[in-house]
Visitor: 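Have a look at this one before I ask anything.
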Amino acid sequence: MITHTQYILASSSNSRKKILESCGFNFVQIKPICDEEQIKKKIKKTKTPSTIAKILSYEKAKSISKLKKYTNRYVIGCDTLIDLNNKVFDKAKNLNEAKIKIKQLSGKKHKIISGVTICKDGKRIWSCVVTTQVKIRKLNSLEINEYLLKAGKKVLHSVGCYQ
């Protein structure tokens with residue numbers, strides 16, 4: 001286990017928590033203190049999907065890192081989004097919206113873009129953006145309905161409604 005310093009994961013994501021745990025990090029998980037939707041609203045029309053992911057990961061990390069009680073700690077902020085032909089997908093709010101998103105992705109290539117930023121004392125010390133191209137095979141309505149029935153509300157936790 002990595003124990004020489006304690007890290008903070010500025011995220012409420014269970015998936016991100018599991019990733020850091022599997023890497024042996026000693027960390028605490030704290031929900032970021034920023035209005036992600038408001039930030040997206042401001043930048044969505046003028047920034048590329050990669051830049052949006054990078055900015056959001058930074059804002060999340062900075063929101064915790066700038067707090068005095070976390071001085072001298074490394075804070076990790078992350079954001080993942082889907083880019084389908086320069087249209088950015090957000091997480092579905094309900095299963096009906098998830099069904100619509102899966103139908104839009106069905107049979108098409110799309111990009112999963114993840115931004116990661118590490119801040120210390122409110123300043124960015126490292127960041128990167130990784131893009132993965134994915135293609136979902138063509139799915140019919142029956143397959144989508146069966147998938148959503150089996151997966152349930154878990155699909156609402158991931159931006160592409162799949163895991």
Side-chain angles (χ1 to χ4, degrees), residues 1-2 5-66 70 73-93 97-98 100-120 122-137 139 147-148 151 153-163:
M1 181 177 279
I2 299 169
T5 188
Q6 189 170 34
Y7 297 87
I8 298 171
L9 174 60
S11 173
S12 54
S13 165
N14 283 332
S15 298
R16 290 190 179 104
K17 178 182 177 187
K18 287 177 186 174
I19 290 169
L20 287 186
E21 286 172 341
S22 72
C23 292
F25 276 82
N26 178 23
F27 70 98
V28 293
Q29 187 175 18
I30 301 172
K31 184 177 179 176
I33 310 166
C34 63
D35 188 342
E36 190 175 341
E37 294 308 313
Q38 191 63 28
I39 295 166
K40 277 187 210 175
K41 201 181 273 188
K42 282 184 188 175
I43 64 175
K44 212 172 194 177
K45 292 182 180 165
T46 61
K47 304 293 183 190
T48 66
S50 292
T51 302
I52 293 169
K54 189 173 185 176
I55 289 169
L56 287 170
S57 72
Y58 168 66
E59 291 296 333
K60 291 174 183 181
K62 182 180 77 169
S63 74
I64 300 300
S65 177
K66 69 182 183 181
Y70 301 120
R73 304 278 285 283
Y74 293 97
V75 180
I76 304 165
C78 309
D79 191 72
T80 299
L81 56 85
I82 285 188
D83 171 11
L84 176 65
N85 302 321
N86 286 320
K87 180 185 179 203
V88 174
F89 279 45
D90 294 317
K91 289 180 184 172
K93 292 174 181 62
E97 195 175 300
I100 292 167
K101 288 179 187 288
I102 293 170
K103 280 184 180 181
Q104 289 175 318
L105 294 170
S106 174
K108 298 181 185 117
K109 287 182 183 175
H110 61 277
K111 296 175 188 168
I112 300 173
I113 302 172
S114 293
V116 180
T117 299
I118 300 176
C119 287
K120 185 177 179 186
K123 294 182 176 50
R124 178 188 349 240
I125 61 168
W126 180 85
S127 66
C128 79
V129 176
V130 176
T131 301
T132 305
Q133 191 155 321
V134 175
K135 181 176 182 184
I136 295 179
R137 71 175 173 81
L139 302 168
Y147 167 72
L148 290 172
K153 291 191 175 192
K154 284 191 281 183
V155 300
L156 304 179
H157 298 288
S158 58
V159 73
C161 302
Y162 62 85
Q163 297 178 357

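Count residues from 1 along the sequence.
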Visitor: Calculate, to the nearest 0.5 Å, the distance between atoms SG and CD1 belonging to C161 and I100 respectively.
Guide: 10.0 Å
Visitor: Are any of the side-chain nitrogens in K62 or E59 under 4.0 Å away from the carboxylate oxygens of its partner?
Guide: yes
Visitor: Quick one, V116 and W126 - any side-chain contact, counting heavy atoms below 4.5 Å?
Guide: yes
Visitor: Is any side-chain heavy atom of Y7 less than 4.5 Å from a side-chain heavy atom of I118?
Guide: no
Visitor: Using every non-hydrogen atom in the two residues, find where V75 and A10 come nearest and quote the distance to one decimal.
Guide: CG1-CB, 3.8 Å
Visitor: As a quick check of understanding, evaluate side-chain contact (heavy atoms from CB on, under 4.5 Å) for D90 and L81, giving each step before the final call.
Guide: CA-CA 7 Å; D90 294 317; L81 56 85; over 6 Å; no
Visitor: For R73 and V28, what are the C-alpha separation, side-chain angles and deciding distance, and is it a side-chain contact (heavy atoms from CB on, under 4.5 Å)?
Guide: CA-CA 11 Å; R73 304 278 285 283; V28 293; 4.2 Å; yes
Visitor: F25 vs L9, test: side-chain contact (heavy atoms from CB on, under 4.5 Å). Steps then yes/no.
Guide: CA-CA 10 Å; F25 276 82; L9 174 60; over 6 Å; no
Visitor: May I ask you to test the N14-H157 pair for a side-chain heavy-atom distance under 4.5 Å?
Guide: no
Visitor: Find the distance between CG (L56) and OG1 (T51) and round it off to the nearest 0.5 Å.
Guide: 11.0 Å
Visitor: When rounded to the nearest 0.5 angstrom, what distance separates OG in S114 from CZ in R16?
Guide: 6.5 Å
Visitor: Where the side chain of S106 meets the backbone of L139, is there a donor-acceptor pair that is under 3.5 Å apart?
Guide: yes
Visitor: Closest heavy-atom contact between S57 and G115?
Guide: CB-O, 3.3 Å
Visitor: Taking all heavy atoms of S13 and all of Q29, pick out the closest pair and write down the distance.
Guide: O-NE2, 3.0 Å
Visitor: Please say whether more than 12 non-hydrogen atoms of neighbouring residues, nucleotides or ligands are located less than 6.0 Å from NZ in K153.
Guide: no
Visitor: Does K120, at its NZ atom, have more than 12 non-hydrogen atoms belonging to other residues, nucleotides or ligands within less than 6.0 Å?
Guide: yes
Visitor: Ignoring hydrogens, what is the shortest heavy-atom contact between G77 and A61? Give both atom names and the distance.
Guide: N-CB, 3.5 Å
Visitor: F89 ring centre to K87 NZ or CZ under 6.0 Å, with the angle to the axis within 45°?
Guide: yes
Visitor: Enter the distance from I39:CD1 to K47:NZ here, rounded to the nearest 0.5 Å.
Guide: 13.0 Å
Visitor: Could you check whether any side-chain heavy atom of I76 comes within less than 4.5 Å of a side-chain heavy atom of L20, counting everything from C-beta outward?
Guide: yes
Visitor: When you measure from the side chain of K60 to the backbone N and O of C78, does any donor-acceptor pair fall under 3.5 Å?
Guide: yes
Visitor: Calculate, to the nearest 0.5 Å, the distance between atoms NZ and CD belonging to K44 and E37 respectively.
Guide: 7.5 Å
Visitor: Do you know which two heavy atoms are closest between A98 and L156, and how far apart they sit?
Guide: CB-CD2, 4.4 Å
Visitor: Using side-chain contact (heavy atoms from CB on, under 4.5 Å) as the criterion, point out the one residue from N85, I82, T131 that pairs with K111.
Guide: T131
Visitor: Under 3.5 Å, side chain of S127 to main-chain N/O of T117, donor-acceptor pair present?
Guide: no
Visitor: Start with the C-alpha gap between D79 and K40, add the side-chain angles, then the distance that decides, and say whether salt bridge (charged side-chain N to carboxylate O under 4.0 Å, His left out) holds.
Guide: CA-CA 11 Å; D79 191 72; K40 277 187 210 175; 5.4 Å; no
Visitor: Check G122 against Y58 and note the closest heavy-atom contact, atom names and distance.
Guide: O-OH, 4.2 Å
Visitor: Mind telling me whether Y162 and H110 have parallel, tilted or perpendicular rings, with 30° and 60° as the class edges?
Guide: perpendicular
Visitor: Show, in sequence, the C-alpha distance, side-chain angles and deciding distance for S11 and K17, and conclude whether the side-chain contact (heavy atoms from CB on, under 4.5 Å) test is met.
Guide: CA-CA 8 Å; S11 173; K17 178 182 177 187; over 6 Å; no
Visitor: Between CG of L105 and CD1 of I136, what distance do you get to the nearest 0.5 Å?
Guide: 5.0 Å
Visitor: Does K154 NZ have over 12 foreign heavy atoms under 6.0 Å away?
Guide: no
